[in-house]
Amino acid sequence: MYTNLSKTMLAAAISVVVSVPAFAVSENQMQQLNKAVEKANQLPEDKKKEFHAYVNTYLDQYEAWRDEYTQNLDNRRAELIKIWGEGEVSSQTKEVQYSENDAVKTTVDYETNLATISVLVDEDSSTEEIQDLVKSLPVEVAGKKVKLNQMKAEDHAVRYSLEKEQAEKDFVIQQTQRQMNELDVQAERLINSHTGIPDSFIYQRAHNKKLTLLEQAQQRIASQTELYNAMRAKYGIVVEQSETPEIVDTELKPDLNTQAVVNAKQPKQEKAESVSKQVVKADASSTQTKMPLAAASIEKPKKVVSYKVKLPENSLKVRASQYAPLAEKESKNWKVDAALIMAIMHSESAFRPNAKSHIPAFGLMQVVPTSAGHDVNKQVRNIDAPMKPEELYEPVINVETGTAYLDILNSKYLRKIENDESRLYCVIAAYNTGAGNVARAFNQDRSTNIGKASKVINSMSPDEVYKQLIASLPYDETKGYLKKVSSRIALYQ
């Protein structure tokens with residue numbers, strides 16, 4: 001902050017520089033000096049607005065990158081739907097690889113310990129033709145070559161069914177839900193950083209961004225309907241057609257509940273919640289509809305021939321053993337139970353360091369660069385910036401970051417919860433959805449005030465806390481996450 005004296009000295013210095021030919025300044029330098037004077041004379045209200053605009057632009061840059069990632073993912077899935085009738089892609093616990101021409105798909109599900117090799121062929125292909133085709137295919141599963149012609153095959157036609165269409169729409173819904181969840185966590189991080197920006201501004205911004213995500217989800221689902229209808233027409237398939245999806249206000253599907261707080265009460269700054277409960281309605285009703293078809297233009301459909309390979313029984317155990325020493329090390333560094341770290345790695349990535357989800361989040365503990373990654377960078381490493389994906393693919397950095405974030409949740413954000421077991425349940429849920437959403441599960445006004453929620457939690461038994469979280473957490477994914485992680489801790493004790 002410039003004093004009156006410093007302003008006078010700055011103006012005098014500029015005057016001297018401009019008046020002496022030997023020290024003449026360029027036009028660009030003059031503009032910079034003028035800006036410095038303007039900034040010195042800037043009103044406090046203008047400075048706040050400028051800072052708000054800076055934060056908004058900073059977050060917009062990440063969200064633009066996320067939107068580009070989502071668009072590229074949608075484009076890839078559309079390509080796959082045209083070929084396979086579904087857009088199956090990799091997730092944090094599933095790896096999906098395609099051959100160069102997309103005619104062969106290898107899916108490894110690390111949660112079920114099962115690999116599926118699928119080959120796309122003409123629907124009228126004979127058994128002998130399929131045998132000849134797969135005999136020469138170079139297929140590997142878990143580093144071992146697999147001879148498909150010696151295995152039992154299953155097949156199904158590519159029919160572009162309503163079930164497949166709905167699965168693709170559910171993918172959009174779940175991804176949107178998770179991205180909205182991250183907006184909650186991001187808002188919470190900004191508030192806990194004490195930037196000076198009013199809570200109401202932060203919550204309103206998150207609310208507006210959620211509404212944008214919902215609008216995009218509606219458009220994305222409508223595109224799925226158009227694509228499936230076009231493919232059915234191409235192959236002469238007649239099915240029951242669902243209506244064009246729309247955004248509706250309803251309590252029936254709370255998985256896209258925005259839960260956005262958009263104002264703060266004065267003078268206590270208690271957050272009040274304005275909840276916009278809007279969901280994607282993928283199938284309003286169904287009617288039997290015959291597609292207009294030109295017989296000459298109808299193409300022959302394809303079929304998928306699949307071979308299932310069970311992974312070695314100890315696959316998960318072998319991968320887990322690789323990272324157990326790392327979990328023990330970070331457990332000592334951060335005073336976080338190693339069994340909890342292992343249970344989270346198990347649930348988040350099935351112990352795969354290159355895992356990536358569709359938020360996107362990265363690595364063994366599925367860290368999101370702009371939420372948990374930024375929190376740890378700022379509070380632990382004194383770096384006020386998000387983490388980079390390439391950093392989070394490094395097991396040492398990833399597990400350090402994930403464990404440090406668990407410590408932040410346990411010893412800072414949720415420290416007022418007195419019972420260790422109750423706090424553990426809340427830490428697990430908060431790792432997935434943020435401490436603010438945990439607070440919403442206990443506050444009757446659905447506010448994100450964790451201090452107020454802690455008083456409620458402290459009046460309950462650990463079992464009651466667990467049941468309340470399962471019943472009232474804003475997102476279904478977090479409810480399932482709490483169940484998985486809390487049940488898997490015993491596996492690593």
Side-chain angles (χ1 to χ4, degrees), residues 73-171 224 227-240 291 293 295 297-313 315-316 350 352 355 358:
L73 184 64
D74 279 355
N75 291 342
R76 176 56 176 156
R77 289 172 58 239
E79 291 174 359
L80 296 171
I81 289 169
K82 291 175 184 177
I83 300 170
W84 291 86
E86 60 183 347
E88 189 176 25
V89 289
S90 296
S91 66
Q92 64 265 43
T93 56
K94 183 187 290 186
E95 185 176 3
V96 184
Q97 293 184 342
Y98 292 86
S99 61
E100 189 174 347
N101 63 354
D102 287 335
V104 180
K105 175 173 64 173
T106 303
T107 303
V108 182
D109 189 328
Y110 292 98
E111 289 210 307
T112 61
N113 216 36
L114 187 69
T116 304
I117 300 95
S118 303
V119 184
L120 201 66
V121 300
D122 291 332
E123 192 174 40
D124 56 4
S125 296
S126 67
T127 303
E128 292 74 19
E129 288 173 329
I130 294 171
Q131 285 285 323
D132 288 341
L133 173 64
V134 301
K135 189 183 296 184
S136 59
L137 288 178
V139 178
E140 284 191 7
V141 175
K144 294 183 179 180
K145 290 185 178 180
V146 177
K147 295 183 179 180
L148 300 181
N149 61 313
Q150 298 178 4
M151 301 172 61
K152 182 181 177 181
E154 300 175 358
D155 65 73
H156 67 271
V158 179
R159 287 298 184 190
Y160 296 95
S161 66
L162 286 177
E163 289 77 14
K164 292 292 185 184
E165 180 182 344
Q166 186 59 52
E168 296 302 318
K169 292 174 180 178
D170 288 343
F171 177 97
Q224 296 284 3
L227 177 56
Y228 271 85
N229 284 344
M231 297 310 296
R232 290 172 190 135
K234 180 178 179 178
Y235 292 110
I237 300 169
V238 177
V239 297
E240 290 183 345
M291 303 290 294
L293 303 173
S297 66
I298 296 175
E299 296 185 17
K300 279 187 176 183
K302 299 282 186 178
K303 72 176 177 181
V304 178
V305 181
S306 298
Y307 305 84
K308 296 191 180 300
V309 180
K310 191 73 176 173
L311 299 181
E313 290 296 330
S315 294
L316 181 70
R352 296 171 54 243
H358 304 301

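Values below: every heavy atom of this structure, side chains too, minus hydrogens, waters and symmetry copies. In this text, all values refer to a predicted model and were calculated from it rather than measured experimentally.
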Partners of [X] by side-chain hydrogen bond (donor to acceptor under 3.5 Å, both in side chains), sequence neighbours excluded?
X	answer
Glu111	none
Lys302	Asp122
Glu168	Arg77
Ser91	none

Drop me the distance from [X]'s [atom1] to [Y]'s [atom2], to the nearest 0.5 angstrom.
X	Y	atom1	atom2	answer
Lys303	Leu120	NZ	CG	11.0 Å
Arg352	Thr93	CZ	OG1	7.5 Å
Gln97	Ser90	CD	OG	7.0 Å
Gln166	Lys164	CD	NZ	13.0 Å
Gln131	Ser125	CD	OG	12.5 Å

Shortest non-hydrogen separation from [X] to [Y] and the atoms involved:
X	Y	value
Gly87	Leu80	CA-CB, 3.9 Å
Thr116	Ser306	CG2-CB, 4.1 Å
Glu95	Tyr110	OE1-OH, 2.9 Å

Exercise for the section: Taking the side chain as every heavy atom from C-beta outward, state whether Met231 and Val158 have any pair of such atoms under 4.5 Å apart. Expected result: no

Exercise for the section: Decide yes or no for Val119 and Ile130: does some side-chain heavy atom of the first lie under 4.5 Å from some side-chain heavy atom of the second? Expected result: no

List in chain and number order the residues that pass side-chain contact (heavy atoms from CB on, under 4.5 Å) with [X], two or more places apart in sequence or in another chain; answer none if no residue qualifies.
X	value
Ser315	Asn113, Leu311, Pro312, Arg319
Ala78	Leu227
Ala153	Val305, Tyr307
Lys105	Trp84, Glu86, Glu88, Val96, Tyr98, Thr107, Ser118

Handout entry: Over 12 non-hydrogen atoms of neighbours within 6.0 angstrom of NZ in Lys310
Key = yes

Practice task
May I have all residue pairs that pass salt bridge (charged side-chain N to carboxylate O under 4.0 Å, His left out) and include part of residues 124-138, sequence neighbours excluded?
Solution key: Asp124-Lys300

Practice task
For residues 151-160, pull every pair meeting salt bridge (charged side-chain N to carboxylate O under 4.0 Å, His left out), keeping only residues two or more places apart or in separate chains.
Solution key: Glu123-Arg159

Practice task
With sequence neighbours excluded, tell me which residues meet salt bridge (charged side-chain N to carboxylate O under 4.0 Å, His left out) with Glu79.
Solution key: Arg76

Problem - Partner set under ring-ring contact (aromatic ring centres under 6.0 Å, His included) for Phe171, not counting sequence neighbours - result: His358

Problem - Test item: Tyr160 side-chain N/O and Ala230 main-chain N/O as donor-acceptor pair under 3.5 Å - result: no

